[in-house]
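Shown next, in structure tokens, is the structure this report addresses.
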Amino acid sequence: MNDNQFKYSNSVIALPLFFVWFLWFVYWLQIKFDFDFFEYGIYPRTVSGLQGVFFSSFIHSDLQHLYNNSIPLLILLAALKYFYSKQTYAVVGFGIVFSGIITWIIGRDNYHIGASSLIYVLVSFIFFKGIQTKYYRLVALSLTVVMVYGGLVWYIFPKVDEQISWEGHLAGLITGFALSLFYKTPEYKKIIKYNWEHPDFDPMEDKFMQRFDENGNFVNLPIIEPEEEFPSYYSSNLSVDYTIVENEKNESKPEP
């Protein structure tokens, strides 16, 4: 597989924009109609809290929380759709569900909301999958993700910030890594082009093709006898100009 797999389409931009727009729309409903969506978040180890596995990623506590998640989602979803187009929807869908389940199992007794767990799924998947492929463009993408979002790794540990759900972040990181192992991508190898595959290939000039006749039968090339060359004893790069002069004697003519 070569670089032709990476093709731009409108969905590369449309998917991130629609997803982030939907997050803002949910937040607008929450503010406009004074809905309390927090109860639809993940509440660990309770039956009612299981609904948050599906809904928590779309709920945010305040405008700052929503804004902080929107920018990374726009970038990471676009990168995922462009470089891993076939796996995009599965990674997003299963990433939300499985990271939610892990959060439901290991989380503190509190409501866990926000799309940050999905961000960790995307960062983890893009990073580990790029390293696994060993393909230079995807490895470069992985390194870029590390440089931009590498600082997020500190927020998978407890007591770094009591206001965030480190359990959701850790769950997203684990889920992204597991999905990178589960979903296979094509082998990226450099395509070898033989001489006859090039557009300027001329079979009449090819030494191998000259050994076959019109019917494909093997023939011997005719023996070409070298022409006899006569040695040159004198050579010069200077041009020589000749002028013809009448032969006249310097004698006086007799007087009549």
Side-chain angles (χ1 to χ4, degrees), residues 15-16 18-20 22-23 26-27 37-61 65-66 68-81 83-84 86-132 142 145-146 148-185:
L15 174 64
F18 175 78
F19 193 91
V20 172
F22 186 74
L23 297 183
V26 172
Y27 184 75
F37 288 150
F38 300 109
E39 296 180 357
Y40 294 94
I42 298 174
Y43 201 92
R45 295 172 297 280
T46 62
V47 176
S48 61
L50 277 173
Q51 63 184 348
V53 170
F54 304 97
F55 301 134
S56 64
S57 295
F58 306 100
I59 306 170
H60 292 82
S61 58
H65 186 201
L66 177 59
N68 290 339
N69 286 340
S70 296
I71 302 301
L73 283 173
L74 286 173
I75 298 173
L76 294 171
L77 284 174
L80 181 70
K81 183 59 180 174
F83 290 99
Y84 302 98
K86 295 181 179 179
Q87 296 82 16
T88 296
Y89 297 104
V91 169
V92 173
F94 288 120
I96 291 174
V97 173
F98 289 127
S99 64
I101 293 174
I102 297 174
T103 304
W104 183 83
I105 295 173
I106 68 173
R108 292 166 288 175
D109 293 335
N110 204 341
Y111 286 106
H112 298 257
I113 58 174
S116 56
S117 59
L118 177 59
I119 292 175
Y120 276 80
V121 170
L122 300 177
V123 170
S124 178
F125 178 85
I126 292 174
F127 172 74
F128 288 111
K129 178 53 69 178
I131 299 300
Q132 292 163 18
S142 298
V145 168
V146 167
V148 177
Y149 298 109
L152 295 178
V153 70
W154 298 110
Y155 296 100
I156 66 172
F157 299 106
K159 297 183 179 180
V160 174
D161 188 344
E162 296 292 342
Q163 301 299 320
I164 64 173
S165 174
W166 65 267
E167 299 93 333
H169 298 169
L170 178 61
L173 187 70
I174 295 172
T175 302
F177 174 69
L179 292 175
S180 71
L181 297 176
F182 182 79
Y183 286 103
K184 303 300 180 183
T185 54

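These numbers come from a predicted model, not from an experiment. Positions are given from 1 along the sequence.
The shortest side-chain heavy-atom distance between Val97 and Phe54 falls under the 4.5 Å cut-off. Here the side chains of Leu23 and Phe19 are in contact, with some heavy-atom distance below 4.5 Å. At a threshold of 4.5 Å between non-hydrogen side-chain atoms, the residues Val91 and Tyr84 do not count as touching. Looking only at side-chain heavy atoms (C-beta outward), Leu15 and Val92 stay at 4.5 Å or farther from each other. Annotation: side chain of Ile105 is not in contact with side chain of Glu167 (no heavy-atom distance under 4.5 Å). No side-chain heavy atom of His169 sits under 4.5 Å from any side-chain heavy atom of Trp154. In this structure, Phe58 and Ile96 have side chains that are in contact, with non-hydrogen atoms separated by less than 4.5 Å. Ile71 places none of its side-chain heavy atoms less than 4.5 Å from the side chain of Val20.
Shown here for Ala79 and Ile126, the closest heavy-atom pair between the two residues is CB-CD1, 4.4 Å. Shortest non-hydrogen contact noted between Ala115 and Ser57 is CB-O, 3.3 Å. Closest approach of Ser56 and His112 over heavy atoms only: CB-O, 3.3 Å. Across every non-hydrogen atom of Val153 and Ile156, the tightest pair is O-CG1, 2.9 Å.
Taking a 6.0 Å sphere around OH of Tyr155, one finds it holds 12 or fewer heavy atoms contributed by other residues, nucleotides or ligands. Remark: Tyr40 OH is loosely packed, at most 12 non-hydrogen atoms of other residues, nucleotides or ligands lying under 6.0 Å away.
In this structure a side-chain-to-backbone donor-acceptor pair under 3.5 Å is missing from Lys81 to Pro16. Looking at Thr88, its side chain does come within 3.5 Å of a backbone N or O of Leu80 through a donor-acceptor pair. Judged by distance alone, the side chain of Arg45 and the main-chain N or O of Gly107 form a donor-acceptor pair under 3.5 Å. With hydrogens and angles disregarded, no donor-acceptor distance shorter than 3.5 Å links the side chain of Ser99 to the backbone of Gly172. A donor-acceptor pair under 3.5 Å links the side-chain atoms of Tyr120 to the main chain of Leu152, judged by distance alone. Within the 3.5 Å criterion, the main-chain N or O of Phe127 finds a donor-acceptor partner in the side chain of Ser142. At distances below 3.5 Å, not a single donor-acceptor pair connects side-chain atoms of Trp104 with backbone N or O atoms of Gln51.
A distance of 12.5 Å separates CD in Gln87 from CZ in Phe94, rounded to the nearest 0.5 Å. Note that OG1 of Thr175 and CZ of Phe98 are 8.0 Å apart. Values are rounded to the nearest 0.5 Å. For the atom pair CD1 of Ile174 and OG of Ser117, the computed distance is 12.0 Å after rounding to the nearest 0.5 Å. Taking CD1 of Ile42 as the start and OG1 of Thr103 as the end, the distance is 5.0 Å to the nearest 0.5 Å. Atoms CG and CG, on Leu118 and Leu76 in that order, are 8.5 Å from each other to the nearest 0.5 Å. For the atom pair CG (Leu74) and CG (Asn69), the distance works out to 11.0 Å, reported to the nearest 0.5 Å.
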Practice problem: Mind running side-chain contact (heavy atoms from CB on, under 4.5 Å) on Tyr149 and Ile75 for me, showing each step along the way? | Solution: CA-CA 11 Å; Tyr149 298 109; Ile75 298 173; 3.5 Å; yes
Practice problem: Any chance you could lay out the side-chain contact (heavy atoms from CB on, under 4.5 Å) test for Phe55 and Glu39, step after step, and finish with the verdict? | Solution: CA-CA 10 Å; Phe55 301 134; Glu39 296 180 357; over 6 Å; no
Quiz item: Are Leu122 and Leu73 close enough, and set up right, to give a side-chain contact (heavy atoms from CB on, under 4.5 Å), and what steps lead you there?
Solution: CA-CA 9 Å; Leu122 300 177; Leu73 283 173; 4.1 Å; yes
Quiz prompt | Leu179 and Lys129: CA distance, side-chain angles, deciding distance, side-chain contact (heavy atoms from CB on, under 4.5 Å) verdict | solution = CA-CA 9 Å; Leu179 292 175; Lys129 178 53 69 178; over 6 Å; no
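Paired with Tyr111 under the rule ring-ring contact (aromatic ring centres under 6.0 Å, His included), one option of Phe37, Phe38, Tyr43 passes, and it is Tyr43.
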